[in-house]
2 protein chains.
Amino acid sequence: MAVAERDGVRTRARILEIAQELFAKRGYAGTSIADIARELGTSKAALYYHFSSKEQILGALITEPLSMYTALAERCQKETVPPEELLGALIDLTTETHAVNALLSNDPSITPTLLGLYDVEGNLQTFIRSLAGPRAGEASRARAWAAFTVAKQATFWAVQAGNGKLSPAARKEFLAAALRCLKP
Amino acid sequence: MAVAERDGVRTRARILEIAQELFAKRGYAGTSIADIARELGTSKAALYYHFSSKEQILGALITEPLSMYTALAERCQKETVPPEELLGALIDLTTETHAVNALLSNDPSITPTLLGLYDVEGNLQTFIRSLAGPRAGEASRARAWAAFTVAKQATFWAVQAGNGKLSPAARKEFLAAALRCLKP
DNA sequence: GTCTATATTGTGATAGAC
DNA sequence: GTCTATCACAATATAGAC
């Protein structure tokens, strides 16, 4: 591999790092190409050599994490996943994908077009259905929501507070709390 | 009250309505003054007669809801609020302030300057401390996080799905689930 | 209170030299 | 791979007429 090519790969990776950080801090619409270039220490034009648009940078960031959620949802549709296993998997996925969740979660300026590709809403419904059962009533669905929320949002906040890490003790408490949510 | 003045008040209120909706849908940075003016059916300049900046519109929207959270946090600092009451109050506050929460919650493009005025982070810590007790260990704090998350985020999503309303049945389930989160 | 017109700055993106 | 220079346009905000 030529030196130039290797440097190109490294630059591309740095751009993604910087974009991740800035999108999370100031939002997608709130971050400009100029901001990223400044942090990178190059010109805007240099950036466009590596990515052909701002949206493509975002796309490269979210593809893998969102696919992981989709894979889990597909498993839930094929087979019955025990709640403890599903909630544990959600906690771990949230921990692993935390950096991208931080820029994704609820940033309304992120184009629905991009998010639509991954059917985030559909996956969510699949998880709720799997936790509550297919013919669940309102109360049972509410409990499933509560459990899902603990696995997803409590974990997210804890990882945020813990500089990207979730302590085993906290993981255990969250899983137990989420399971208690499910019980009538 | 003169007709013009009354109309002015109504126009101001309409601007706030429209801004709330658009900020929630596309984000603060993702919504332009032109977008709001178009929806309002007037020019951009007319809008600037009622508000002197875009940030002032946002400020007018969030002042009251955020002050309500601060008031609750202050009560928690002055006296011991039983968990059931605090969690119930958080569920109700989340329901009441849902419209503003929808545009606020996690939109990173909203200036930290504005949010800093209300010490959102400090209030959050106060709620956790009140739920977990002042000298709580890590496990106990994790359970408090879980309970808070159910009261706040599960309620938020449910209200979102229920077109702005939270059914009494769901409220009961969320409160019970949040309380179960707290128990070791 | 609302308008048209405009100043000014910022934005995503491209051209072409090196 | 990176640069300078530039385009076309959208943004916030203002001036001044009606």
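All values below come from the heavy atoms of this structure, side chains included, with hydrogens, waters and symmetry mates left out. Every chain is numbered from 1 and lettered A, B, ... according to where its sequence line falls, protein lines coming before strand lines.
Qualifying ring pair (Phe, Tyr, Trp, His ring centres under 6.0 Å) partners for A/Phe127, counting only residues two or more places apart in sequence or in other chains: none. Residues passing the side chain to side chain contact (heavy atoms under 4.5 Å, CB included) test with A/Glu17, sequence neighbours excluded: none. The ring pair (Phe, Tyr, Trp, His ring centres under 6.0 Å) check on A/His50 picks up nothing, with sequence neighbours excluded.
For residues 76-90 of chain A, the set of pairs meeting the side chain to side chain donor-acceptor pair (under 3.5 Å) definition, not counting sequence neighbours, comprises A/Arg75-A/Glu79, A/Arg75-A/Glu85.
A cation-pi geometry, defined here as NZ or CZ lying under 6.0 Å from the six-membered ring centre and within 45° of its normal, does not hold between A/Lys152 and A/Phe174.
Side-chain atoms of B/Arg180 come within 3.5 Å of backbone atoms of A/Arg180 as a donor-acceptor pair (strictly under, hydrogens ignored). Looking at A/Thr94, its side chain does come within 3.5 Å of a backbone N or O of A/Leu90 through a donor-acceptor pair. Looking at B/Thr63, its side chain does come within 3.5 Å of a backbone N or O of B/Gly59 through a donor-acceptor pair.
To the nearest angstrom, P of D/dT12 lies 15 Å from CZ of B/Phe51. Distance CD1 (B/Ile57) to C1' (D/dA13): 12 Å, rounded to an integer number of Å. Taking atom CZ on A/Arg10 and atom C1' on D/dG1, their separation rounds to 15 Å, with Å as the unit.
DNA chain C lies under 4.0 Å from no heavy atom of any residue of residues 13-22 of chain A.
Here A/Tyr49 reaches the OP1 or OP2 of D/dG1: one of its side-chain N or O atoms lies under 4.0 Å away.
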Set out, line by line, the N/O atom pairs under 3.5 Å between protein and nucleotides 11-13 of chain C.
from   : atom 1 : to      : atom 2 : distance (Å)
C/dG12 : OP1    : A/Lys54 : NZ     : 3.0
C/dG12 : OP2    : A/Ile33 : N      : 2.7
C/dA13 : OP2    : A/Tyr48 : OH     : 2.9
C/dA13 : OP2    : A/Lys54 : N      : 2.9
C/dA13 : O5'    : A/Tyr48 : OH     : 3.4
C/dA13 : N6     : A/Lys44 : NZ     : 3.0

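In this structure, A/Thr42 reaches the sugar-phosphate backbone alone: every heavy-atom distance under 4.0 Å involves primed, P, OP1 or OP2 atoms, never a base.
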